[in-house]
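To start, the structure under review is shown below, and the notes come after it.
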Number of protein chains: 2
Amino acid sequence: MADIAAITRVRDTGRLPGAGAAPQYAQGMSQQESLSRARQPRHSRGTAPTLHDVAREAGVSLATASRVLNGSERKVAESFRERVEQAAAELGYTANASAQATARGSSPVIALLVADIADPYFGLIAAGVARGADEQGLVVTIAITERDPAREARIVRALRGQRPQGLILAASRTDEPTDSDTARELAEYARFGGRVVTFGAGSAENRHVEIDNRAGAAALGRQMASLGYRSAIAIGAAEGVLTSDERLAGFRAGFESGGGSVDRVLRGDFRRESGARAMSDALAQGVEPGTLVFGMSDVVAIGAMAAIRDAGREIGTDIAVCGFDDVPSSSDVSPALTTVRVPLTEVGYQAFRATVDADWTQAPLPLEVTVRASTPGLTR
Amino acid sequence: MADIAAITRVRDTGRLPGAGAAPQYAQGMSQQESLSRARQPRHSRGTAPTLHDVAREAGVSLATASRVLNGSERKVAESFRERVEQAAAELGYTANASAQATARGSSPVIALLVADIADPYFGLIAAGVARGADEQGLVVTIAITERDPAREARIVRALRGQRPQGLILAASRTDEPTDSDTARELAEYARFGGRVVTFGAGSAENRHVEIDNRAGAAALGRQMASLGYRSAIAIGAAEGVLTSDERLAGFRAGFESGGGSVDRVLRGDFRRESGARAMSDALAQGVEPGTLVFGMSDVVAIGAMAAIRDAGREIGTDIAVCGFDDVPSSSDVSPALTTVRVPLTEVGYQAFRATVDADWTQAPLPLEVTVRASTPGLTR
DNA sequence: ATGAAAGCGCTAACAT
DNA sequence: ATGTTAGCGCTTTCAT
């Protein structure tokens, strides 16, 4: 009985243009085949049509259907091609990506790990990654570490299961973890051919896109000194966070070369609240007019600005503030924030290229000091 | 010769604790098996270990290995379990997600479509989705439409191939497309059991999380009127964009009920530049002091603020500005932006729940008018 | 409790 | 040019 039902169904849907001329194949479906079909009825809501369905509907073999639908080099006669395409369209067929991936042995995904997707820094990077992926027809899988190392390791492990083409890590506390759980997972991933891309100066093993934090911060420091600032408070992330360390070192070098000195270094993380808290603390201990605050990321600097305002002090001639990154809101706060422009979307794009290009070398990522109203020239 | 190599390799790695007691199975590997192994050498860099490898290493069957590693109900003797776990750890095994998905017939991913991930509005929503997904052990795949309908349709189609558990669309121009290509793709997806979640008042078909734009905007309009404003310029997206239409209608109703009137409506999209451009145009045509500008999203309002400042006008008592959403930078611009707080991360989280909960009903999403310095009370 | 084997939907030799 | 068939790595009956 099952056979009959199945066969009937085939006939039912068999309204091909010129169905009469359909090859024997379609009619001569083996009994074994019809049985297996009957067991798993197609098109019951909840199951998408398979290539098998398309092939049957079009009266061609699986192989032919596969060839026309899923980009093969091999050629198929026009009449067959049309039939298959029509059947696919009628059924609303879309290739099952998982099945394709297991059959092909590779999956068209690239994995992106960020600390916090709502943070503009990561949002911009993600946009660049997404653009690159789209160009290559790859899908990006995104995960959020929330700056939690344990979570990060868990996520890398989960992502490994996807056998992604590449894994971009823009999240780590230290930017380049070496003996953490994350590092171990990353190593396993890389061991079997996965490509890991990180940011900052990395090991020789992984590719990494480098933002020249040191140089950018040094240029900023010099500028600030030349504007007349002599005493600075730096607010950054914990020691060991590469980005933070580099920016601090660079700024210090530049600022000191111009005769300034970094008198206090406050640490937290790269979040707005962290910047606000650090600044409140500083304010509580007293901050001289004419002091410059260097937030090691714009988000931190903006948090600091809020704290300054809350304390009833004025930003600019009273307490000057500068940041790093040039996220969009830096030009919208007022006074607008002096900062170092980092082409973050391009950074993300570069990271993507690093995962897919066989012979990749980083394109230059020009940093640019942008002086705005938050650091007026000191006239004294 | 191939057999010998393969068998030798098995022996080589066979250093189980108590290997002597290993079941016959491991030693008695059939010739067929060793042949197939030899054909596809494992552990050559580039191929991750498979369950097969783990099973062999542990001296158990595929079935047993699967049961201990990949969450089955069925129980396995402690000694076997340990062996399998150790083998897996040694080899650095991680289940191939694609293979699991094809075998299980379902894949643990939820797809998220946003217009622009660098926009804080979408970033916040994405964060909520990601949090929910993580709670359920799901992976989120993200794609960017760049507000391009054709792109959007292409992407939905590609995403369909992933057979995601659910598809969240936070991108559409009209929020609820009905006869677009996207709509057709979405319908196909839904036809086979996929769950699509959109934002805004939707069809009866899809689930949608509703932000009560109308009520929020009405409350804002009333407030603004009570502050003394009488004439407003509204800046929003194109007609037909639901969010924009609702916010405009609500604001108008509220503002007019308080005696105000919306004298100009300028349209573009929800981007910052669009807001700036519209505001420049308005300014060019002349804007009376005491006028209120309503940006239908904060991002637009912030763009407008920039234009106002660039024109040498003052924000607040000269030209007041209010927005909608309360994205983080709204409190950082100065004067700080009056707006309607939308719990965007919660919105994203709700959207996620809507994709996975069998019986889902939207939790309340309280909107809250937040008056800040950009709309000082008018004393006249 | 454990293993053999038949799938899952698709691709890619290998025939024809 | 088209079809057959043996995989891909995994899950899940069904025996034992």
Side-chain angles (χ1 to χ4, degrees), chain A residues 22-26 28-30 32-33 35-37 39-40 42 47-56 58-81 83-84 93-107 161-163, chain B residues 23-26 28-30 32-33 35-37 39-40 42 47-56 58-81 83-84 93-108 161-163:
Chain A
Q24 288 304 309
Y25 174 80
M29 190 168 59
S30 76
Q32 186 197 329
E33 163 133 30
L35 268 169
S36 93
R37 285 290 96 190
R39 215 194 280 163
Q40 266 265 340
R42 292 289 105 185
T47 330
T50 70
L51 188 58
H52 207 118
D53 298 318
V54 175
R56 179 160 35 68
V60 301
S61 74
L62 255 183
T64 298
S66 172
R67 296 200 263 256
V68 0
L69 294 176
N70 306 319
S72 158
E73 302 287 67
R74 306 188 43 174
K75 51 188 56 168
V76 171
E78 200 45 42
S79 67
F80 277 58
R81 153 161 281 116
R83 275 233 286 280
V84 171
Y93 171 80
T94 281
N96 180 319
S98 297
Q100 267 182 321
T102 92
R104 295 211 241 252
S106 84
S107 96
Q162 311 224 56
R163 305 287 185 270
Chain B
Q24 289 303 308
Y25 174 80
M29 188 167 62
S30 75
Q32 186 198 328
E33 163 132 30
L35 268 171
S36 91
R37 284 291 96 189
R39 214 193 283 163
Q40 266 266 340
R42 295 287 106 189
T47 329
T50 70
L51 189 58
H52 207 116
D53 299 318
V54 174
R56 178 160 37 66
V60 302
S61 72
L62 256 183
T64 298
S66 171
R67 297 200 262 258
V68 359
L69 294 176
N70 306 319
S72 158
E73 304 285 67
R74 306 189 42 174
K75 52 188 56 168
V76 172
E78 199 46 40
S79 66
F80 278 57
R81 153 161 281 117
R83 276 233 286 280
V84 171
Y93 171 79
T94 283
N96 179 319
S98 297
Q100 267 182 323
T102 92
R104 295 212 242 252
S106 83
S107 97
Q162 311 225 53
R163 306 287 186 267

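Below, chain A is the first sequence line, B the second, and so on; all start at residue 1.
Across the protein-nucleic acid pair, A:Asn96 atom CG and C:dG7 atom C1' stand 14 Å apart, rounded to whole Å. In this structure, the CG atom of B:Leu69 is 16 Å from the P atom of D:dG9, given to the nearest Å. Rounded to whole Å, atom P of D:dG3 lies 15 Å from atom CZ of A:Arg56. The interatomic distance linking B:Arg83 (CZ) with C:dA1 (P) rounds to 17 Å, in whole Å.
Evaluation of atom-type donor-acceptor distances gives no pair under 3.5 Å for the side chain of A:Ser98 against the base of C:dG9.
Rounded to the nearest 0.5 Å, atoms CZ (A:Arg56) and OG (A:Ser61) are 14.0 Å apart. Rounded to the nearest 0.5 Å, atoms CG (B:Leu62) and OG1 (B:Thr50) are 7.5 Å apart. The CD atom of B:Gln100 lies 9.5 Å from the OG atom of B:Ser106; values are rounded to the nearest 0.5 Å. Atoms CG and OG1, on B:Asn70 and B:Thr94 in that order, are 9.5 Å from each other to the nearest 0.5 Å.
Remark: the backbone N or O of A:Gln162 is paired with a side-chain donor or acceptor of A:Ser107 at under 3.5 angstrom.
Only one option out of A:Val60, A:Val84, A:Leu69, A:Thr64 pairs with A:Val76 in a side chain to side chain contact (heavy atoms under 4.5 Å, CB included); it is A:Thr64.
Checking D:dC10, C:dC8, D:dT4 against the side-chain heavy atoms of A:Ser61 singles out D:dT4 as nearest.
Where B:Gly105 and B:Glu78 each meet DNA chain C at their nearest nucleotide, the meeting point lying more 5' is that of B:Glu78.
Within the 4.0 Å cut-off from OP1 or OP2 of C:dG3, at least one side-chain nitrogen or oxygen of B:Thr64 is found.
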At a cut-off of 3.5 Å, list every protein nitrogen or oxygen paired with a nitrogen or oxygen from nucleotides 11-14 of chain D, distance to 0.1 Å.
| from | atom 1 | to | atom 2 | distance (Å) |
| --- | --- | --- | --- | --- |
| D:dT11 | OP1 | B:Asn70 | ND2 | 3.4 |
| D:dT11 | OP1 | B:Gln100 | NE2 | 2.5 |
| D:dT11 | OP2 | B:Ser66 | OG | 2.8 |
| D:dT11 | OP2 | B:Asn70 | ND2 | 2.9 |
| D:dC14 | N4 | B:Arg74 | NH1 | 3.2 |

